[in-house]
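Okay, structure first, notes after.
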2 protein chains.
Amino acid sequence: MPKPDKREEILCSALHLIAEHGFHGAPMAMIAERAGVGAGTIYRYFENKDVLINEMYKELEKRLTAYLLEGYAVEQPLRDRFLHLSTAVLRYCITNPIHFKYLEQFHNSPYGVAHRRDKFLGKSVQRDLYCELFEQGVTQGTIKNLPMVVLCSLAFGPLIFIARDHILGFVTLDDKLINNIISACWDSLKS
Amino acid sequence: MPKPDKREEILCSALHLIAEHGFHGAPMAMIAERAGVGAGTIYRYFENKDVLINEMYKELEKRLTAYLLEGYAVEQPLRDRFLHLSTAVLRYCITNPIHFKYLEQFHNSPYGVAHRRDKFLGKSVQRDLYCELFEQGVTQGTIKNLPMVVLCSLAFGPLIFIARDHILGFVTLDDKLINNIISACWDSLKS
DNA sequence: TCCTCCGGAATGAACGTTCATTCAGTATTA
DNA sequence: TAATACTGAATGAACGTTCATTCCGGAGGA
């Protein structure tokens with residue numbers, strides 16, 4: 001009878017090792033050891049390493065989406081919704097640095113490119129939330145009339161960069177600074 | 001008598017293979033084959049793979065810096081200098097997609113982190129140019145009074161993101177769009 | 001001019017290591 | 001006891017690196 005939490009142990013072990021040492025610095029044997037299982041056991045839960053890596057990614061995407069939707073109300077004004085989403089993204093990244101590092105590794109690898117191509121233009125639930133927002137903003141003239149990918153880059157680019165710097169210890173983000181950053185991002189988007 | 005262009009061949013081969021397939025998808029044997037040399041020959045020019053990878057990086061950084069400095073005049077107004085630098089960064093990235101991909105691989109790897117740490121807060125010549133700009137801007141009140149890393153994230157983040165999207169074919173940047181993007185970045189920086 | 005010799009550049013088969021994956025055997029549960 | 005979960009040593013493929021050997025072109029003697 002397979003203990004379902006053994007799967008969790010393996011995922012958790014993989015998350016930490018890959019976030020810290022990269023895909024190639026996290027051999028299956030090491031993942032197994034940290035998880036407290038035999039090397040072969042991993043293959044009872046995941047067909048191979050690629051599947052494990054992709055499952056881990058799906059898991060993290062699910063959690064991030066859930067976090068973004070917490071307290072998100074479609075009926076709020078555009079700017080408020082933007083502030084909510086962006087603050088949530090930044091907060092999630094810096095309070096879950098391990099998750100953030102894993103997601104970065106994933107996106108900057110053949111896995112990530114394949115994933116983006118599959119989803120046609122990298123549309124994830126997160127990005128969809130933003131796209132909806134931006135489309136409304138463009139229609140009502142609040143937001144610059146630029147292609148959706150450009151708007152996404154203006155919104156996400158600084159967030160990801162600054163989250164990375166925070167995690168590497170090059171800057172310390174507090175509430176006030178976060179507000180200033182997101183407000184600056186909004187300045188780049190609004191007409 | 002060592003033909004100096006053999007070194008070039010090896011670097012060029014490594015650049016293409018690593019940009020396209022990543023560090024781990026570019027074995028030394030493959031780099032040697034594409035360069036038209038024996039596997040052992042590489043080690044006459046580079047102590048090991050790590051050295052080869054770092055030398056390649058230095059080379060690209062040098063070229064990018066040269067490109068940025070073309071026509072750059074310190075006596076120009078702040079905004080003009082910002083537009084010059086940002087346009088140059090974006091243009092360089094999208095006209096040299098191979099270079100861009102290599103630089104991305106490098107930055108998102110242990111090599112890149114080590115490199116940033118060495119240079120204390122990732123100060124490269126490129127970033128120095130921006131920092132000088134931003135310091136002046138903050139002093140004279142033109143630019144928001146935010147930490148230097150934050151200003152860099154606001155300036156670089158969108159550029160890198162949109163360059164990636166362009167290269168992956170998710171958007172096509174023309175002169176007009178580039179101007180709009182950089183102008184939007186400026187909006188996020190100016191007080 | 002031709003031949004021989006020599007230094008070092010170039011080579012690529014071979015080596016040792018690492019890794020994902022397998023499987024024969026053991027432990028656990030029902 | 002039967003069935004299933006688990007284990008970790010064994011496997012073989014792939015990799016970075018080495019090194020005994022080959023190759024090449026210029027120097028020097030006749």
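None of these values were measured; they are calculated from a predicted model. Naming convention: chains lettered A, B, ... in sequence-line order (proteins, then strands); numbering from 1 in each chain.
When the side-chain nitrogen and oxygen atoms of K6(B) are compared with OP1 and OP2 of dA10(C), one or more of them lie within a distance under 4.0 Å.
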- Task: Apply salt bridge (charged side-chain N to carboxylate O under 4.0 Å, His left out) to E9(B) and K6(B), showing your working.
- Result: CA-CA 5 Å; E9(B) 285 296 334; K6(B) 213 156 251 197; over 6 Å; no
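For Y92(B) and F100(B), the gap between ring centers reaches or exceeds 6.0 Å.
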Please output the side-chain donor-acceptor pairs of residues 63-78 of chain A that fall under 3.5 Å, not counting sequence neighbours, one pair per line with the distance.
from   : atom 1 : to      : atom 2 : distance (Å)
T65(A) : OG1    : E61(A)  : O      : 2.8
T65(A) : OG1    : Q126(A) : NE2    : 2.8

Hey, can you pull the donor-acceptor pairs under 3.5 Å for the side chains in residues 104-111 of chain B, sequence neighbours left out?
from    : atom 1 : to      : atom 2 : distance (Å)
E104(B) : OE1    : R164(B) : NH1    : 3.3
E104(B) : OE2    : R164(B) : NH1    : 2.9
Q105(B) : NE2    : I18(B)  : O      : 3.4
H107(B) : ND1    : L103(B) : O      : 3.0
H107(B) : NE2    : Y57(B)  : OH     : 3.3
N108(B) : OD1    : N108(A) : ND2    : 3.3
N108(B) : OD1    : R164(A) : NH1    : 3.3
N108(B) : ND2    : N108(A) : OD1    : 3.3
N108(B) : ND2    : E104(B) : O      : 2.9
S109(B) : OG     : Q105(B) : O      : 3.4
S109(B) : OG     : F106(B) : O      : 2.7
S109(B) : OG     : Y111(B) : N      : 3.3
Y111(B) : OH     : D50(B)  : OD1    : 2.9

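Sequence neighbours left out, the pairs with a member in residues 83-93 of chain B that pass salt bridge (Lys or Arg N to Asp or Glu O under 4.0 Å) are R91(B)-D175(B).
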Do any N or O atoms of the protein come closer than 3.5 Å to N or O atoms of nucleotides 19-25 of chain D, and which pairs are they?
none

Distances under 3.5 Å only, N/O to N/O: pair up the protein atoms with those of nucleotides 13-15 of chain D.
none

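Rounded to whole Å, the distance from CZ on R7(B) to C1' on dA9(C) is 16 Å. The distance from atom CZ of R44(B) to atom C1' of dA10(C) is 7 Å, rounded to the nearest whole Å. Between the C1' atom of dT21(C) and the CD1 atom of I31(A) lies a distance of 13 Å, rounded to the nearest Å. The CZ-P distance, from F46(B) to dA10(C), rounds to 12 Å in whole Å. Remark: P of dG8(D) and CD1 of I10(A) are 13 Å apart, rounded to the nearest angstrom. The distance from atom CD1 of I42(A) to atom P of dT22(C) is 13 Å, rounded to the nearest whole Å. Between E9(A) atom CD and dT7(D) atom P the separation is 12 Å, expressed in whole Å.
Nearest-nucleotide mapping onto DNA chain D: of V37(A) and F23(B), the residue sitting toward the 5' end is V37(A). Checking A39(A) against G25(A), the closest nucleotide of DNA chain C that is more toward the 5' end is the one next to G25(A).
Within a 6.0 Å radius of CD in E33(B), no more than 12 heavy atoms belonging to other residues, nucleotides or ligands are found.
Shown here are the side chain to side chain donor-acceptor pair (under 3.5 Å) partners of D187(A), two or more places apart in sequence or in another chain: K190(A), K144(B).
A 4.5 Å side-chain heavy-atom check between V138(B) and L151(B) finds at least one atom pair inside the cut-off. Side-chain atoms of W186(A) and S86(A), non-hydrogen and from C-beta on, never get closer than 4.5 Å to each other.
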